[in-house]
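Note on naming: letters A, B, ... go to the chains in the order of the sequence lines (proteins, then strands), and numbering restarts at 1 for each one. Hydrogens, waters and symmetry mates play no part in the numbers below; they use all other heavy atoms, side chains included.
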Number of protein chains: 2
Amino acid sequence: MRRAVTIKHVAAEAGVSLQTVSRVINKGPNVRPAVIERVEAAVAKLGYVPSLAARRMGGNRSFLLMALNDRDRTIEAWTSGQGADWVDQMLMGGMLRCAESGYHMIFELIDTHSAHVEREVQAAISALRPDGLILTPPHSDNPQITGLLVRLGLPFARLCSETPGDGFAISMNEALAAQVAVEHLLDLGHRRIGFITGSDEYAVSAVRREGWRRAHEDRGLPLDPALEGDGDFTFESGERATATLLALAEPPTAILASNDQMALAAQTVAAARGLQVPHDLSIVSFDDTPVVRFSRPPMTAVVQPIAEMTRAAADLLIRATANVDHLPTSVVVPFGLAVRGSSAPPRS
Amino acid sequence: MRRAVTIKHVAAEAGVSLQTVSRVINKGPNVRPAVIERVEAAVAKLGYVPSLAARRMGGNRSFLLMALNDRDRTIEAWTSGQGADWVDQMLMGGMLRCAESGYHMIFELIDTHSAHVEREVQAAISALRPDGLILTPPHSDNPQITGLLVRLGLPFARLCSETPGDGFAISMNEALAAQVAVEHLLDLGHRRIGFITGSDEYAVSAVRREGWRRAHEDRGLPLDPALEGDGDFTFESGERATATLLALAEPPTAILASNDQMALAAQTVAAARGLQVPHDLSIVSFDDTPVVRFSRPPMTAVVQPIAEMTRAAADLLIRATANVDHLPTSVVVPFGLAVRGSSAPPRS
DNA sequence: CTGTTAGCGCCTTCAA
DNA sequence: TTGAAGGCGCTAACAG
């Protein structure tokens with residue numbers, strides 16, 4: 001195997017010292033333009049690329065960002081092949097931003113429920129020494145993890161977390177998104193709008209419900225508590241909640257579900273009862289994973305900007321590592337509402 | 001930031017030398033069981049995890065496997081949100097296998113068409129110094145890349161490549177898969193089975209067509225060359241090919257498409273012409289990305305075992321790095337045929 | 001502005 | 001069976 005080209009070769013080629021090359025590579029100050037040019041020419045000629053491993057040894061940066069996902073949920077999503085694309089979207093936002101600054105992103109799966117969360121995270125960090133971490137739900141609000149990172153002094157971003165606290169909180173305005181979704185239905189003429197909640201384990205669940213409530217309040221419309229259905233993000237819970245809602249004496253004419261799977265469940269239950277979507281029952285979902293684009297009819301959905309959030313997270317972490325000051329402690333990324341065929345005015 | 005625990009701390013804790021700890025970590029020979037035990041206790045107590053960066057500096061292993069994907073195609077898949085899950089499946093197979101041996105997997109996007117492929121790959125390697133590479137199509141058969149890796153002496157695996165050559169070739173039996181898909185249609189009673197090819201840029205395209213041909217040959221059935229439609233893996237090409245096939249004087253009663261997108265296109269075109277799937281036209285697709293499970297009717301599809309292939313690739317690379325001998329130069333992973341609602345006997 | 005020195009944490013080689 | 005010395009490629013701290 002051909003020996004790799006190192007900073008030494010570049011130094012020799014350019015006729016300068018090791019350190020000068022290092023300065024040029026890291027855009028350090030105090031190098032004459034003429035020397036910079038000579039070094040850069042040598043770098044290009046030799047095709048030199050610094051070794052990340054060595055950089056992390058000498059200095060204190062690894063140029064690595066680590067994303068922590070929930071083990072069970074991620075594997076479940078992969079195995080079931082239900083078309084969720086969280087990881088893809090994260091990679092798209094995060095990897096591309098990392099590449100812009102010579103960083104790399106690496107994924108790790110961590111078991112939230114394990115008694116050893118802390119040890120697991122610590123092990124991953126010890127092995128790779130990332131410059132920053134990106135936490136996804138439910139890790140984002142796990143004090144065991146955030147506490148550890150604070151103790152280690154490692155910068156981190158919490159995706160989809162609106163709670164203030166340590167690290168950067170990156171989120172969309174979940175409450176407003178729910179509100180906008182409900183307003184969309186109200187504008188269509190619906191007055192009884194059911195809501196299927198998410199699992200209590202996730203902070204967003206309560207926030208989304210709050211948006212549903214506020215949409216009614218803002219317009220001075222009454223809200224029947226019976227229209228709140230109990231879900232936990234699974235398809236089955238969506239089926240149960242929908243069945244309960246449709247069994248009401250005065251059933252809803254529209255349902256907002258806290259995620260796509262439960263919205264699909266609502267669609268299935270509606271179909272089973274001979275209800276036509278959207279005319280007998282409008283459905284709006286949350287997240288907009290690819291699968292809802294292929295349902296019949298395609299689903300109106302709140303678009304969760306995962307790629308943008310991850311990009312923002314990577315951006316902040318990279319800048320934090322470069323000691324940029326005055327960074328915001330939280331970022332709110334705009335959400336979208338994709339209006340498709342599952343929402344329409346109610347039958348009059 | 002609390003200083004990280006290093007091999008030195010462990011050595012001190014266990015009352016042995018640095019080197020002995022290193023031997024225990026790496027399961028080296030010549031250490032007394034009693035000492036091993038003492039060291040292991042110290043490791044556990046201190047929560048020591050070796051730094052990958054340091055390991056790669058001193059020794060020669062980085063415990064990193066690098067997967068190279070085509071930049072444009074991957075970003076296109078992520079952006080379009082069409083529900084393909086190549087990357088997820090690769091991560092599932094690769095990451096989990098890596099984790100079993102303390103390895104990590106990292107993704108890189110490489111532009112195949114760029115004049116600088118070689119430089120791009122070389123840069124990624126120089127930065128991360130992976131112990132092995134996993135190439136995905138179309139990189140798998142790119143001599144610029146494989147040639148470079150051979151020169152560098154880096155082990156690599158070529159996913160979905162059946163061509164013998166350098167590196168490990170990991171594939172499913174593409175020809176047999178196509179043949180089995182066609183036989184499924186023949187068994188249903190179809191006699192005019194159209195085929196939509198993939199892009200010539202991918203070696204599998206020709207191989208899949210060969211399976212279609214062989215299925216007929218094996219049963220002594222004639223094959224009308226007009227039944228071969230020209231595709232390039234895009235939805236649009238699938239539409240064109242289907243339109244051409246259906247315009248034949250004697251149109252096919254079934255179509256096998258070389259990937260899911262083209263199969264969906266066939267379904268769309270059929271619907272637009274008032275043809276009912278599967279009764280007027282049966283459709284079978286290749287790959288089985290999640291989206292085809294949600295089409296109406298759900299698509300019968302050849303299941304491409306991406307996770308298994310990536311797992312096999314990671315497994316071979318890890319073993320190769322550990323100098324295990326007698327490794328196979330190629331691995332054929334079993335494929336599947338998911339029979340769903342898009343295939344049925346033709347109208348008699 | 002530029003060069004020199006001293007590690008970073010680990011593994012390889014050699015000596016005990 | 002164990003330990004000590006040297007170096008991997010780079011950067012921080014200090015000299016010049």
Exercise for review: Could you run through nucleotides 10-16 of chain C and give me one letter per nucleotide, 5' to 3': B if any protein heavy atom sits under 4.0 Å from the base, S if only the sugar-phosphate is that close, - if neither?
Suggested key: BSB----
Review point. Quick one: do the B/Asp70 and B/Thr112 side chains pair a donor with an acceptor below 3.5 Å?
Key: yes
Check your understanding: Starting at CZ of B/Arg38 and ending at P of D/dT1, how long is that distance when rounded to a whole Å?
Key -> 15 Å
Review point. When you check the side-chain N and O atoms of A/Ser62 and A/Asp131, is any donor under 3.5 Å from an acceptor?
Key: yes
**Study point:** Row check, A/Phe63 ring normal vs A/Arg55 NZ/CZ: under 6.0 Å, within 45°
**Key:** yes
Point to revise | Any A/Ser17 side-chain N or O less than 4.0 Å from OP1/OP2 of C/dT2 | key: no
Check your understanding: Would you say the side-chain atoms of B/Ser161 and B/Asp141 include a donor-acceptor pair closer than 3.5 Å?
Key -> yes
Check your understanding: Expressed in angstrom and rounded to an integer, what is the separation of B/Leu52 atom CG from D/dC8 atom C1'?
Key -> 16 Å
Point to revise | Ion pair B/Arg311/B/Asp315, N-O distance below 4.0 Å | key: no
